[in-house]
Amino acid sequence: MASLLCLCLLAAAAAATSPGRLVPYDLLYADGVRAYFARDWGRAAELLQRALHSYAGLRAARRACRAACRREAAFVGGPTGAGPWEAALFGRVLQRADCLQHCLGQRLGAAPSAHRASHAIRRDFEQREPYNYLQVAFFQLKKLDQAVSAAHTFFVANPQHLQMREDIEKYRRMSGVKSDNFRDLEATPHWSIQHYVQRSLMEKKLIYYGVEHLGGTFNDPDLWTPDELIPENLKEKHREDQEKQKQETLEVEEMEKRGPLPFEGIAVTMDSRQMNGTQRVVFDRVLTESECKDLLRLTKAAGEAGDGYRARRSPHTPHERFEGLTVLKATQLAQNGDVDWRDAKLLLQASEKSRRIIESYFTPGKKLHFSFTHLVCRTAVDEEQESRMDLSHPVHADNCLLDPEGQECWKEPPAYVYRDYSGILYLNDDFQGGGLFFTEMDTVTVTAEVHPKCGRLVAFSSGKENPHGVWAVSRGRRCAIALWYTHSQEHAEQDRVKAEELMEQRAVEQDRSDGKQHPGADHSGRSSSEPLVPNSGARPTSQRHKPGSDRTQHPKELRARDEF
């Protein structure tokens, strides 16, 4: 039976590696990853599977050729003839190397060198990284059974991968998922992962029995352990241990990739640990009192000529009025003489300073692009605050659709799925209410609160790990700059590109009209020692937006629900 199995495997390997059939796996993998990030799920799944098959075929060909060439050029017996033994030995080595090259060339249908991949690609396949991409692609294609198998295959080789642990646990709770779906696609035919799982569960059952009746402690490292296995009086402690372990892992990961702050004088007031979450931070002294006053002066234009419903009722509550101003609208108002150019430029500078701080703190070395920038104010309607029960902004996540009952957040339209980080830069605190708060996935359990004040910047990742809302503004007017960022350059804010071009055009015109301007002053009249952040500079002509690309990513009626 065993020999029959071996023959079948060799036959399959020979078929998979016949001439002209094996495309280099690293090329297929690269194309598959590109399709993945382009969200072409069908093509990504096809290419990634082909890459895995090619990788398996290459390994099978190498094993078969090594076995064949061992027999053909075996190191047996002493040296033949009267020559030195070194010549005989190295002759065999060269003969075996030549045999391997010839054999692989025949089986692969190309020179073996065409199948040499970089160290990084080889490491990805050794760690089963393609299955990590595959499980997402299959999930998006609604092929749940294949998604589960791919996730499980990756997890077997990466049991410490926290996100995959959580995904595996969610798959186990989904209707339609069968226990047979949890199979290791890389397992050898004579070994089943199910035996390992059964043995592990039996061992845990015995350990929990001992803890319950004999005392002692046990920290279960697995999130997939069934609840029914844990004694009732130990379940609460088990959940606490799991949450603590998860939090510690996330904190370590966050600290490892945290970068230095690019500006002096800025203070980290609260980090993720103090805010009982992950990827959360509060900075102070990002703006001065004077800069806050200048930007508050700009907010008056938001109520008169801005894009935020022109002081109509808020889209989220009838008890507040809403005012908003984009960077482009502010620059256009400055161009028309309705607001001061210095104030419009300060809005660009303050938001750019915030971007650099958040990028350096959370993603050093990885570029963050603006997704949307909005100067917004919410004013309490005085006669409508009595017995008020609603929020200024309901609890939500910024890049997915929050489902509190299912404890899930779905990354699908109309959510802005490409957004990676969010921020709010506060301008004032002379109002009541209006604080930001974070919750658990249930949207009810509050985990942290942030109280606004001038120059305070709160930043956090935009996903399901950070559901948040805003308490009702019960008196006065709350103003802030709402910020969203993305790693995807194709979703960069086009309004900002236009605003920077108008600002550049203004600078050129100012130069022409005032050739004798003092060298210590910039084009907006602000002293060169005063700028909030260095000017980002003019964009090269080749990088400017194409004709017709000046439309925003979403119509304004969708934008309205998205600001804080």
Side-chain angles (χ1 to χ4, degrees), residues 162-163 166 239-258 261 266-287 316 354 357-358 360-363 376 378 389-400 402-404 407-409 419-429 431-474 478-485 562-564:
L162 185 62
Q163 184 60 54
E166 294 180 353
R239 281 191 289 268
E240 291 175 358
D241 290 342
Q242 293 290 314
E243 284 301 318
K244 183 179 179 182
Q245 179 186 350
K246 174 183 174 183
Q247 187 62 36
E248 288 175 351
T249 304
L250 291 172
E251 286 172 1
V252 169
E253 290 176 354
E254 185 176 329
M255 289 183 66
E256 284 177 349
K257 64 181 182 180
R258 184 182 301 169
L261 297 181
I266 296 172
V268 176
T269 307
M270 288 193 290
D271 58 16
S272 293
R273 176 185 287 273
Q274 294 164 306
M275 298 176 75
N276 302 314
T278 179
Q279 297 282 293
R280 303 173 183 174
V281 65
V282 175
F283 305 98
D284 276 332
R285 301 199 293 271
V286 176
L287 295 176
H316 303 294
S354 300
I357 293 170
I358 295 171
S360 179
Y361 187 86
F362 283 127
T363 64
V376 293
R378 296 173 177 277
M389 300 295 291
D390 66 345
L391 298 171
S392 181
H393 198 303
V395 177
H396 63 286
D398 286 342
N399 67 11
C400 54
L402 198 57
D403 174 14
Q407 294 285 291
E408 188 52 89
C409 202
R419 289 182 175 169
D420 296 297
Y421 286 90
S422 309
I424 317 170
L425 180 57
Y426 296 109
L427 304 181
N428 65 321
D429 60 3
F431 53 87
Q432 285 184 357
L436 179 75
F437 63 94
F438 293 90
T439 74
E440 299 284 5
M441 289 281 287
D442 60 9
T443 72
V444 175
T445 307
V446 176
T447 57
E449 295 187 56
V450 179
H451 301 288
K453 74 173 188 176
C454 165
R456 173 165 287 177
L457 171 65
V458 55
F460 48 93
S461 54
S462 304
K464 63 183 181 181
E465 64 280 1
N466 281 317
H468 57 279
V470 179
W471 298 119
V473 179
S474 56
R478 168 194 182 271
C479 295
I481 303 175
L483 304 155
W484 291 271
Y485 305 101
D562 193 44
E563 44 64 44
F564 283 87

### Query
Is Gln407 close to Asp442 at the side-chain level, that is, under 4.5 Å between some pair of heavy atoms?
yes

### Query
So do the side chains of Phe437 and Thr447 get within less than 4.5 Å of each other, counting heavy atoms only?
no

### Task
Measure from the side-chain N and O atoms of His396 to the backbone N and O of Pro394, and report whether any donor-acceptor pair falls under 3.5 Å.
yes

### Message
To the nearest 0.5 Å, what is the distance between OH on Tyr361 and OH on Tyr421?
### Response
10.5 Å

### Query
Are the side chains of Leu436 and Phe460 in touch, meaning some heavy atoms are under 4.5 Å apart?
yes

### Close side-chain approach of Val450 and Met270, heavy atoms under 4.5 Å
yes

### Stepwise side chain to side chain contact (heavy atoms under 4.5 Å, CB included) check, Glu465 with Met441
CA-CA 8 Å; Glu465 64 280 1; Met441 289 281 287; over 6 Å; no

### Message
Restricting to non-hydrogen atoms, name the atom on Gly433 and the atom on Phe431 that form the minimum distance, rounded to 0.1 Å.
### Response
O-CE1, 3.1 Å

### Query
Hey, what do you get for CG (Asp271) to OG1 (Thr278), rounding to the nearest 0.5 Å?
11.0 Å

### Query
Does a donor on one side chain sit under 3.5 Å from an acceptor on the other, for Ser462 and Asp420?
no

### Query
Got a second to check how far Ile424's CD1 is from Arg456's CZ, nearest 0.5 Å?
12.0 Å

### Task
Kindly determine whether Leu425 and Leu287 satisfy side chain to side chain contact (heavy atoms under 4.5 Å, CB included), including the steps that lead there.
CA-CA 9 Å; Leu425 180 57; Leu287 295 176; 3.7 Å; yes

### Task
May I ask you to test the Val268-Val282 pair for a side-chain heavy-atom distance under 4.5 Å?
no

### Message
To the nearest 0.5 Å, what is the distance between CZ on Phe283 and CG on Leu261?
### Response
5.5 Å

### Polar contact flag, side-chain donor to acceptor under 3.5 angstrom, Asn466-Arg280
yes

### Message
I'd like to check Pro467 versus Leu402 (side-chain heavy atoms, cut-off strictly below 4.5 Å). Are they in contact?
### Response
yes

### Query
If every non-hydrogen atom of Thr443 is compared with every non-hydrogen atom of Thr439, which pair is closest and at what distance?
CA-OG1, 3.4 Å

### Query
Does some side-chain heavy atom of His393 sit less than 4.5 Å from a side-chain heavy atom of Trp471?
no

### Query
Under 3.5 Å, is there a donor-acceptor pair between the side chain of Arg478 and the main chain of Gly434?
yes

## Note on the structure
So SG of Cys409 and CG of Asp398: to nearest 0.5 Å the spacing works out to 9.5 Å

### Message
A side-chain contact here means heavy atoms from C-beta on lying under 4.5 Å apart; do Ile266 and Asp284 qualify?
### Response
no

### Task
State, to 0.1 Å, how close Cys400 and Gly463 come at their nearest heavy-atom pair, and which atoms those are.
SG-C, 4.3 Å

### Message
Give me the atom names and distance for the closest heavy-atom approach of Ser272 to Gln279.
### Response
OG-N, 3.1 Å

### Summary
Value for OH (Tyr426) from CG (Leu457), rounded to nearest 0.5 Å, stands at 9.5 Å

